Amino acid sequence: MAKMATSLVETGEDAFRKIFKLYKRKNPPPDFCEVIDFSKCGTNEKIVPVKLNPALVSDEDAAKVGLHPVKDWRAFNLQGYPGFIFITNPFIRGSQPFWIRQCLKIYPQKPNVCNLDMHMSTTDTQDIWAKSVPNLSCTSVRKREPRTLLERLRWVTLGYHYNWNSKTYSSNHYTQFPAELQLLSCQVATACGFPGFNAEAGILNYYRSDSSLGIHVDESELDHSRPLLSFSFGQSAIFLLGGTQRQDAPIAMYMHSGDLMVMSGQSRLLYHAVPRIVQADQDVAALGIDHWNWQGSAGVEQVSEKDWAVCSKYIHNSRINITVRQVFGEGHSSPETPHLPGQKKEDQTEEKPLKRRCISDQLPTKVFI
């Protein structure tokens, strides 16, 4: 990859975009042999295991949000990317369905904001799940049309809602951040050495099989000393992590269902992108809703078989990503700026897969992580 990137820079086109196009290419498909798979790889000069401190989060607190004890997490650093931590699926079997269900059934509900609000009334988007379940539950082989609202969902924002036009957060455009997601984020951040992390904004992205996320940096939060957390569920993705300039060649890695990334320190402001969604090695619909004894905290609960039937059908060819951010540092407050409802993001498409730029890149080729 390094040799390839050097030659790309010499051509005059930035290395990141060239490699992005390489992995996005459908015909002929790219060679994935250099994509890091943390779930399978051993240690080498590039991949360094990380020992997290299990004393920072009790086993009981981890279990409350569906996580294994911290001592059992498999965490890694990458040489040359200080502050980047990759954790391979620390979720207890049977707990991922809860988070998938929240992303599909609960978090898109009003007063949270989604892409469909740009061209539909709030009444029409009031309960996307209820309006979609009848068709998604249909087992008939006949062609279903039109697509359900859930299948047209591309993004949802939680907590402080980002204004894509002014590139700012505003205190008068805020909805209550989900307590259970805040608790999950706090436990992960604390385990990674960031006690006191305050989850204030969340962005959910819904990737279909042909979706991608353009090259960008997440820099709009006022406090860059706090980490950015990324949770992945459903189908796998190729994730590219570059440097501080677009001329820096990125490294490619897989993100599988349940995997977590923490971008902190110097890695907090690195360019990154998702050029491709790939079929998971294992059937993600078989994640299971059994073998899990819920601890009963912050609204965390067992997923019904009826709900999971819809969720598993959805993620059969889709991926969900949650990024959680702390927007303001200690002592900071957000400005009072007018919310501009219904304004459309630059370069955003409603029906094409996630064709939007992200927070700091005015929305790249599709989603953000």
Side-chain angles (χ1 to χ4, degrees), residues 38-39 41 43 47-79 81-96 98-99 102 158-159 177-203 218 221-233 239 241 253 255-270 292-300 321-332 369:
F38 288 98
S39 67
C41 67
T43 60
I47 302 167
V48 183
V50 177
K51 274 293 183 185
L52 303 177
N53 186 352
L56 297 177
V57 176
S58 71
D59 294 356
E60 292 75 18
D61 285 342
K64 287 177 182 178
V65 288
L67 298 173
H68 284 291
V70 174
K71 63 181 174 59
D72 297 328
W73 294 9
R74 295 182 68 242
F76 303 90
N77 287 147
L78 282 174
Q79 286 289 353
Y81 299 87
F84 177 79
I85 304 174
F86 193 105
I87 302 169
T88 59
N89 187 14
F91 289 93
I92 297 169
R93 173 174 168 79
S95 65
Q96 282 192 55
F98 170 80
W99 297 105
Q102 296 299 95
L158 310 171
F177 196 90
E180 71 281 357
L181 182 56
Q182 187 169 48
L183 183 59
L184 172 67
S185 303
C186 180
Q187 306 293 33
V188 170
T190 300
C192 292
F194 297 96
F197 177 80
N198 187 17
E200 295 176 320
I203 300 173
D218 295 298
E221 294 73 30
L222 297 185
D223 186 2
H224 295 153
S225 68
R226 311 305 285 167
L228 183 148
L229 311 181
S230 176
F231 303 85
S232 185
F233 300 106
F239 180 76
L241 181 63
M253 64 197 80
M255 283 199 75
H256 300 305
S257 191
D259 288 347
L260 314 182
M261 289 194 309
V262 178
M263 297 177 70
S264 66
Q266 293 182 38
S267 79
R268 177 65 177 78
L269 296 176
L270 297 182
W292 172 236
N293 180 23
W294 289 105
Q295 303 297 310
S297 174
V300 174
N321 178 250
I322 310 172
T323 54
V324 178
R325 307 121 190 278
Q326 178 168 331
V327 178
F328 309 111
E330 187 174 353
H332 288 148
I369 216 158

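In this text, all values refer to a predicted model and were calculated from it rather than measured experimentally.
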Inset, instruction - Determine whether the aromatic ring centres of Phe91 and Phe233 lie less than 6.0 Å apart. - result: yes

Inset, instruction - I would like to know whether Phe76 and Ile85 meet side-chain contact (heavy atoms from CB on, under 4.5 Å); could you show each step before the answer? - result: CA-CA 6 Å; Phe76 303 90; Ile85 304 174; over 6 Å; no

Inset, instruction - Quick one: list whatever passes side chain to side chain contact (heavy atoms under 4.5 Å, CB included) with Ser267, sequence neighbours left out. - result: Phe84, Met263, Leu270

Legend entry - Check against side-chain contact (heavy atoms from CB on, under 4.5 Å), Ser232 and His256: CA-CA 7 Å; Ser232 185; His256 300 305; over 6 Å; no

Inset, instruction - Check whether any side-chain heavy atom of Ser185 lies under 4.5 Å from a side-chain heavy atom of Phe231, and answer yes or no. - result: yes

Legend entry - Aromatic ring proximity, centroids under 6.0 angstrom, Phe86 and Phe38: yes

Legend entry - Close side-chain approach of Gln266 to Tyr81, heavy-atom, < 4.5 Å: no

Legend entry - Phe197 vs Val324 side-chain heavy atoms within contact, under 4.5 Å: yes

Legend entry - Close side-chain approach of Leu228 to Arg268, heavy-atom, < 4.5 Å: yes

Inset, instruction - Would you check if Leu67 and Val188 make a side-chain contact, meaning some heavy-atom pair closer than 4.5 Å? - result: yes

Inset, instruction - Answer yes or no: is there a side-chain heavy-atom contact under 4.5 Å between Asp72 and Pro90? - result: no

Inset, instruction - For a side-chain hydrogen bond (donor to acceptor under 3.5 Å, both in side chains) with Ser230, tell me which candidate from Asp259, Thr323, Asn321 qualifies. - result: Asn321

Legend entry - Side-chain heavy atoms of Ile203 within contact of Ile322, under 4.5 Å: no

Legend entry - Separation between CG of Leu184 and CG of Leu260, rounded to the nearest 0.5 Å: 7.5 Å

Legend entry - Approximate separation, where rounding is to 0.5 Å, of Glu200 CD and Arg325 CZ: 12.0 Å

Inset, instruction - Using atom types as modelled and distance alone, determine if a side-chain donor or acceptor of Gln326 lies under 3.5 Å from a backbone N or O of Asn198. - result: yes

Legend entry - Smallest separation among heavy atoms of Leu78 and Met253, with atom names: CD1-CE, 3.7 Å

Inset, instruction - Provide the closest heavy-atom pair for Ile87 versus Cys192 in the form atom of the first, atom of the second, distance. - result: CD1-SG, 3.8 Å

